[in-house]
Amino acid sequence: MISFSVAFDPNKGIGIKGSLPWHIKEELKLFKSNTIYKTILMGQTTYEGLPRKLVDRTIMVVCNDPEYHPEGVEVIGDLISFLKEHQDDEKEYIVCGGASIYRQSYEYASKAYVSFIRNEYETDTKFDNFDLNDWNIDKEVEYEEFVYRELNRK
């Protein structure tokens, strides 16, 4: 199964200069609880922009460079082939960014963990093809700075 974990502001902004535009502890805790002991998938830029290695997760990085082999990471050269091959797996692969990886993975995802940040932030990266109308809301939790929803594809 392909799913994704994302947080975005009201304009679907997800990042600025390779980083999150906000630092919200509760949202980061949710990301950790949703991804711990699971397999996460991200682009090379997102992976390299992490402030520290994410422990207790299997990390897969999308990269076209055959020479790219960071330690402790599985590299995926062809994202679309991977998504097609694994979209019906029982095992969950959680897409964690960046924008290009979200856009390409969107139609293959059957589940989503989404934090809808209440305030607008300055961003230079958006997840603009996300459409809430494509999803059923399974769970919703209100926080002071965001609304968290677990979604399943309609």
Side-chain angles (χ1 to χ4, degrees), residues 1-36 38-65 68 70 72-80 82-83 92-154:
M1 163 180 39
I2 307 299
S3 61
F4 61 84
S5 177
V6 67
F8 50 72
D9 77 355
N11 298 314
K12 298 184 186 173
I14 61 171
I16 185 159
K17 298 178 184 168
S19 297
L20 287 175
W22 47 79
H23 183 81
I24 303 171
K25 279 188 176 185
E26 294 91 349
E27 206 283 318
L28 294 171
K29 285 180 187 175
L30 275 172
F31 174 79
K32 181 177 182 178
S33 70
N34 287 336
T35 60
I36 198 86
K38 294 185 181 177
T39 300
I40 60 175
L41 178 101
M42 64 188 71
Q44 178 182 354
T45 303
T46 299
Y47 174 73
E48 291 178 356
L50 292 173
R52 62 188 157 278
K53 183 164 171 33
L54 300 173
V55 296
D56 296 325
R57 297 161 185 96
T58 300
I59 300 173
M60 304 177 93
V61 176
V62 179
C63 179
N64 298 339
D65 180 356
Y68 186 75
V73 168
E74 183 178 335
V75 177
I76 298 170
D78 183 344
L79 176 61
I80 300 304
F82 178 87
L83 295 169
E92 183 177 23
Y93 298 90
I94 305 174
V95 175
C96 299
S100 172
I101 305 301
Y102 282 132
R103 279 195 282 284
Q104 294 176 70
S105 303
Y106 186 76
E107 70 180 88
Y108 299 95
S110 56
K111 186 171 184 173
Y113 308 95
V114 183
S115 294
F116 295 83
I117 307 297
R118 296 183 194 277
N119 293 326
E120 291 183 17
Y121 286 81
E122 182 182 349
T123 62
D124 58 14
T125 312
K126 298 188 183 305
F127 185 2
D128 30 15
N129 65 324
F130 176 85
D131 185 346
L132 189 56
N133 294 317
D134 294 336
W135 304 89
N136 292 313
I137 300 171
D138 286 344
K139 179 179 179 180
E140 181 172 282
V141 182
E142 298 267 345
Y143 292 85
E144 184 178 331
E145 296 182 74
F146 66 99
V147 177
Y148 170 75
R149 293 184 178 132
E150 290 183 7
L151 310 171
N152 274 300
R153 178 79 64 179
K154 285 184 179 176

_Derivation of the side chain to side chain contact (heavy atoms under 4.5 Å, CB included) call for Leu132 and Leu151_ = CA-CA 9 Å; Leu132 189 56; Leu151 310 171; 4.0 Å; yes
Could you pull out all residues at least two apart from [X] that satisfy salt bridge (Lys or Arg N to Asp or Glu O under 4.0 Å)?
| X | result |
| --- | --- |
| Asp128 | Arg103 |
| Lys38 | Glu92 |
| Glu48 | none |
| Glu144 | none |

Pairs touching [range] that satisfy salt bridge (Lys or Arg N to Asp or Glu O under 4.0 Å), sequence neighbours left out:
| range | result |
| --- | --- |
| residues 118-127 | Arg118-Glu142 |
| residues 19-30 | none |
| residues 4-21 | none |

Flag side-chain contact, heavy atom, 4.5 Å: [X] against [Y]:
| X | Y | value |
| --- | --- | --- |
| Leu28 | Leu20 | yes |
| Ile117 | Ile24 | yes |
| Glu107 | Asn129 | no |
| Trp135 | Arg149 | no |
| Tyr121 | Asn11 | no |
| Phe130 | Val6 | no |

*List the steps, then state whether side chain to side chain contact (heavy atoms under 4.5 Å, CB included) holds for Tyr47 with Val62.*
CA-CA 9 Å; Tyr47 174 73; Val62 179; over 6 Å; no
Got a second to check how far [X]'s [atom1] is from [Y]'s [atom2], nearest 0.5 Å?
| X | Y | atom1 | atom2 | answer |
| --- | --- | --- | --- | --- |
| Gln44 | Tyr68 | CD | OH | 4.5 Å |
| Ser19 | Ile14 | OG | CD1 | 12.0 Å |
| Ile76 | Leu41 | CD1 | CG | 4.5 Å |
| Thr125 | Ile16 | OG1 | CD1 | 8.0 Å |
| Phe146 | Trp22 | CZ | CH2 | 11.0 Å |
| Asn136 | Arg153 | CG | CZ | 10.5 Å |

*asked:* For the NZ atom on Lys32, are there more than 12 heavy atoms of other groups (residues, nucleotides or ligands in this structure) within a distance under 6.0 Å?
replied: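 Incorrect, the count does not exceed 12.
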Apply side chain to side chain donor-acceptor pair (under 3.5 Å) to [X] and list each qualifying residue two or more places apart in sequence or on a separate chain.
| X | value |
| --- | --- |
| Asn119 | none |
| Asp131 | Asn133 |
| Glu145 | none |
| Thr58 | none |

*Report the C-alpha distance between Ile36 and Arg57 in whole Å, list the side-chain angles of each, state the deciding distance to 0.1 Å, and finish with yes or no for side chain to side chain contact (heavy atoms under 4.5 Å, CB included).*
CA-CA 6 Å; Ile36 198 86; Arg57 297 161 185 96; 4.3 Å; yes
*Is the ring centre of Phe116 less than 6.0 Å from the ring centre of Phe8?*
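Judged by ring-centre distance (under 6.0 Å), Phe116 and Phe8 do meet the cut-off.
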Grab the two heavy atoms, one from [X] and one from [Y], that are nearest each other, plus how far apart they are.
| X | Y | value |
| --- | --- | --- |
| Val75 | Pro70 | CG2-CD, 4.0 Å |
| Gly77 | Asn64 | O-OD1, 3.1 Å |
| Gly15 | Pro21 | CA-CD, 3.7 Å |
| Cys96 | Thr35 | SG-CG2, 4.5 Å |
| Phe31 | Leu54 | CE2-CD1, 4.2 Å |
| Ala109 | Ser3 | CB-CA, 4.3 Å |

*With distance as the sole test, does Tyr102 use its side chain to make a donor-acceptor pair with the main-chain N or O of Ser5 at under 3.5 Å?*
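A pair under 3.5 Å: yes.
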*asked:* So, using side-chain contact (heavy atoms from CB on, under 4.5 Å) as the criterion, who are the partners of Ser105 when residues are at least two apart?
replied: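 Listed in chain order: Leu79, Leu83, Val95, Ile101.
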